[in-house]
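This report refers to the structure that appears directly beneath it.
Here the structure is a predicted model, which is why all the values come from computation and not from measurement. Naming convention: chains lettered A, B, ... in sequence-line order (proteins, then strands); numbering from 1 in each chain. Just the heavy atoms: all of them, side chains too, but no hydrogens, waters or symmetry mates, feed the values below.
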Amino acid sequence: MIIVKLIEWARKNMFFVKALSYTILVLLVVTDLFVPREHPHFIGDFIPGFWAVFGFTSCAMIIVVSKWLGKKFLFRPENYYEDENSEETNGYV
Amino acid sequence: MSSGFFIHPSIFFFAGMAVLPFLKGIQRNVFLVILPLIALATVVNIDPGQYASLKITTLELIMGRADKMSLMFAHVFTLMALLGTIYGMHLKDNWQIIAAWGYVGSALGCVFAGDYLTLFLFWEGLMVTSVCLVFLRKNRASLRAGYRYFLVHTAGGLALLAGIFLLYYHTGSLAFGPFEPNNASWAVYLIMAGFLLNAAVPPLHAWLPDAYGSATVVGSVFMCAYTTKTAVYALARAFPGFEILIVLGVIMALYGVVYAVLENDARRLLSYHIISQVGYMVTGVGIGTAMSLSGTCAHAYAHILYKALLFMGVGAVLEVTGKSKFSELGGLWRYMPYSLVFTLIGGLSISAFPGFSGFVSKSMVIAGAWQSHLIWAALGLTLASAGTFLHTGLKVPYFIWFWKERPPFDPPKKEAPLNMQIAMGLTAFFCIFIGVRPQALYSMLPFNVEYHPYTLYHVMESWQILLFTMLGFFLLIKKLTPEPLIGLDVDWFYRKGGGLFLKFCKGVLAKVENGLIMNIHQTFFLPLMKIIASFCSWNDQKVVDGIVDGTASSTLTLSSRLANALQSGLLYRYLAAMLTVLAAIIGATLWLTQWIK
C-alpha cells in the first residue's frame, strides 16, 4: 500500500523531512517580498511575511491561552458529570 | 402559485421511511442509493417559483418557496443525504436510516417553507427525528445526552413559537422574509433566539458537542450537516444586516477554537469546530452584503461536505476500534490508512488549503468583512482559521493515526466497511472538486458576485498562515498531549445546576419550612384558626339556623313545581324554551364581540 510505504519512509528519514519543511517555510517568506499587492486592505498587507508571523502567533496564542484557561478554570476529571445518584436510576438500558 | 416543475423533495424521504422496513438484502441497498438520487434529481430540476400554498381563512401557508437560496441548500441537503445513506448502508437495523431520512425530510421542509408556521412545523420535526439518532446509540450516556438535547431544543422551539405568535398578533403576517434591523420588536428577537439556539451560538451552544459526541456513528454524520445549517439558512433569510450577528459570529468562531484545544474526544472536538465554522456563516449574515451573504451560502455548502467527511473518518475509527478519545488512540496509520487520507482531505478542506473546498468558500466571508471595512472581524476570523487547521488539520490526524508507534490496544485487523470507504471517497471527491472548480459552487449562489479566490497574493497569504501554524503546532506539541479530562462548558448550568437546585431544596428550603414556617404556624396561625372556627360554629348554630329554619321544606315544594313546568311533555313548550336559550346565546355572543372590538 503506497500510503503506508510513504509514511514509513518519511518516519525513517525524519531529518530530511524536517529540513525540507524548514526550507519551504523560509522560501515562503522570501518569495513574499516579490508578490504584488493588488487589493491591500490594511497595513499588514504591505509587510512581507506578515501573515507568517500572524499564523505562528495565532497558533501559539490559541494553544497557550486555551491551556491556561483549562488548567485555571475549566478542566475536570472525566467522570465529573456522573453524579452519585446515578445508581438509583438503574434499570434503564 | 407558479407553473413549472415542482415536487417537494421531502416527500421522497418521508415515503422512503415507510417503505424501507419491507425491503431486504440487495433490494434494500439499491433503494438506499436510488431514493436520495431521485430526490437530488428532483431538486436539480425544480423551476424557481412559489408552489404548494394552502389558504386557511386569513393564513397562507407556503410549503414550496423555491428560489436560488432555497435550491442551493436543498441541493447540498439531498447530496448529503445520498452520501450519509451510503455511509450507513452496512447497518443491520434500519432505524437509524429511517430517523435520518425523517431528519433530512424535515430539513428540506424548512428550506422550502415560505411562512413561519410551516417553518416551525418542520423545525420541530428536525428536533424529534434527530434526537432518535442520539438515543439509538443505546447506552446510558447517550440516553441522558438525548434528553438534554430534547429539552434544550424544546426551549428553543418554544421561543421561536412565541415569537411567531407575537409577530402574527402585531403584523398579521407570517411571511418568512427579512426583518428590518432598525426597528426590530420583541417578536423578532424571540424568533432570532430560536434560530440562534439551533445555530449553536454561545451561550446557546452546549447541546451540540453534548449530542454529537454521544450520537451513533452514522447519526452524527447526519446531524453535523442539517440542524445548524438549517438555522444558518433561516438566519440568512430573516436577519441579514443585523449587526449583533457580526459580533456573535466572530465570538463563536473563536469560542469553538478555544474549546477544541481542551477537548480529548475527537467527535466533540469536531463539534466545537462546527460552532467555529458556523461562526463564519453567522458573521456573513450579520454583514449582510451580497458578497458576505454569498459567502455564507457557499461556506454552508462546502462546510456540510467537509464536516461530514471529518465525522465519517473519525466515525470509521470509532466503528472499527470502539474508541474516539485521543488519549486512548494513536499509531493507526498502518492499520487504517484510507480513513487517514480521507480525514486529511476533510481537514485540509476545513482549514482552507488552496485546492480544497474551504479555500473558495471561507475566504468569501472574510473578503466580505474586508470589503465592509470590518478589520477586527476579518482578523478575528483569520485567527480562528489558524486554529481550525491546528485542530482539525493537525491535532485530529496526528493523535489518532500517528503519535504512538503502535495503537495502545489490539490493532484492528481490517479497515472500515467498504460502504463507509466509498462514502468517504465520494465526499472527498466533492471537497476537492469544489476547491478546484469553484465556479460550479458559485453558479448556485443566490447573488451575482464577482469573486476570484485564486489570486497570487491570496494563495501566498493562505500558505503562510497555514504552514506557520503547522510550525507552531510541532514546536508546542508537548503542550497538546491529550489528557483524559473534560472542559467545563455552559451545559454545567443545567447538568450540575439541577442537582444544586435539588440540594438547595433539601438543605435550605426544607430547613426554612420545618424550622421557621412550622413554628409560626403552630404558635400563631393554629390558635387563631381555632378561635375563628369556634366563632363560626356559634354563628351557625345560633344565627343561621334561626333565620333559615324551614328552608328545606320550601326548596322541596319549589323544585317539584319547577319539574312540572319543565317536564310538561308539551312540544311547543320545549321548542319555545330552546329558542329562548338560543336567542340568549346569540345575543350574548353579539354583545361580547362588540365589547371585545
Pair B:Leu340-A:Ile7, side chain to side chain contact (heavy atoms under 4.5 Å, CB included): steps then yes or no | CA-CA 11 Å; B:Leu340 165 65; A:Ile7 296 170; 3.7 Å; yes
Are more than 12 heavy atoms, taken from residues, nucleotides or ligands other than [X], located less than 6.0 Å from that residue's [atom1] atom?
{"X": "B:Tyr454", "atom1": "OH", "result": "yes"}
{"X": "B:Tyr338", "atom1": "OH", "result": "no"}
{"X": "B:Met291", "atom1": "CE", "result": "yes"}
{"X": "A:Ile43", "atom1": "CD1", "result": "no"}
{"X": "B:Tyr147", "atom1": "OH", "result": "no"}
{"X": "A:Lys18", "atom1": "NZ", "result": "no"}
{"X": "A:Ile2", "atom1": "CD1", "result": "no"}

So, taking the atom named [atom1] in [X] and the one named [atom2] in [Y], what distance separates them when rounded to the nearest 0.5 Å?
{"X": "B:Leu466", "Y": "A:Trp51", "atom1": "CG", "atom2": "CH2", "answer": "12.0 Å"}
{"X": "B:Leu394", "Y": "A:Cys59", "atom1": "CG", "atom2": "SG", "answer": "8.0 Å"}
{"X": "B:Lys479", "Y": "A:Trp68", "atom1": "NZ", "atom2": "CH2", "answer": "12.5 Å"}
{"X": "A:Tyr80", "Y": "B:Lys496", "atom1": "OH", "atom2": "NZ", "answer": "5.0 Å"}
{"X": "A:Arg11", "Y": "B:Trp333", "atom1": "CZ", "atom2": "CH2", "answer": "5.5 Å"}
{"X": "A:Glu78", "Y": "B:Ile486", "atom1": "CD", "atom2": "CD1", "answer": "7.5 Å"}

Under the side chain to side chain contact (heavy atoms under 4.5 Å, CB included) rule, what do B:Ile375 and A:His41 come out as? Steps first, then yes or no, please.
-> CA-CA 8 Å; B:Ile375 293 182; A:His41 301 291; over 6 Å; no
Heavy atoms only: give me the nearest [X]-[Y] pair and the separation to one decimal.
{"X": "A:Tyr81", "Y": "B:Asp489", "value": "OH-O, 4.4 Å"}
{"X": "A:Leu28", "Y": "B:Met460", "value": "O-CE, 3.6 Å"}
{"X": "B:Ala386", "Y": "A:Ser58", "value": "CB-CB, 3.8 Å"}
{"X": "A:Lys67", "Y": "B:Thr481", "value": "NZ-O, 4.4 Å"}

Report the option among B:Leu467, B:Val341, B:Leu456, B:Leu471 that has the most heavy-atom pairs separated by less than 4.5 Å from atoms of chain A.
->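 The residue among B:Leu467, B:Val341, B:Leu456, B:Leu471 with the greatest pair count is B:Leu471.
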Measure distances from [X] to the heavy atoms of chain A and classify the residue's part below 4.5 Å as side chain, backbone, both or neither.
{"X": "B:Gln371", "result": "neither"}
{"X": "B:Asn264", "result": "side chain"}
{"X": "B:Thr382", "result": "both"}
{"X": "B:Val258", "result": "both"}
{"X": "B:Leu485", "result": "both"}
{"X": "B:Glu405", "result": "both"}
{"X": "B:Phe474", "result": "neither"}
{"X": "B:His391", "result": "side chain"}
{"X": "B:Leu262", "result": "both"}
{"X": "B:Leu379", "result": "both"}

What part of [X] lies closer than 4.5 angstrom to a heavy atom of chain B: side chain, backbone, both or neither?
{"X": "A:Glu38", "answer": "side chain"}
{"X": "A:Phe75", "answer": "both"}
{"X": "A:Ile62", "answer": "both"}
{"X": "A:Val53", "answer": "neither"}

Go through A:Val65, A:Asp45, A:Leu69, A:Thr57 and name the one with the most non-hydrogen pairs under 4.5 angstrom from chain B.
->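 With the most close heavy-atom pairs to chain B, the winner is A:Asp45.
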Output the option from A:Val4, A:Ile3, A:Leu25 having the highest count of non-hydrogen pairs under 4.5 Å with chain B.
->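 The candidate making the most pairs under 4.5 Å is A:Leu25.
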Please examine the side chains of B:Tyr259 and A:Leu74, heavy atoms only from C-beta on, and report whether any two atoms are closer than 4.5 Å.
->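 A:Leu74 vs B:Tyr259: side chains touch.
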Side-chain heavy atoms of A:Phe54 within contact of B:Phe468, under 4.5 Å =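 SC-SC contact between A:Phe54 and B:Phe468 ruled out.
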Verdict with supporting geometry, A:Ile63 and B:Leu480, side chain to side chain contact (heavy atoms under 4.5 Å, CB included) | CA-CA 8 Å; A:Ile63 295 176; B:Leu480 285 170; 3.8 Å; yes
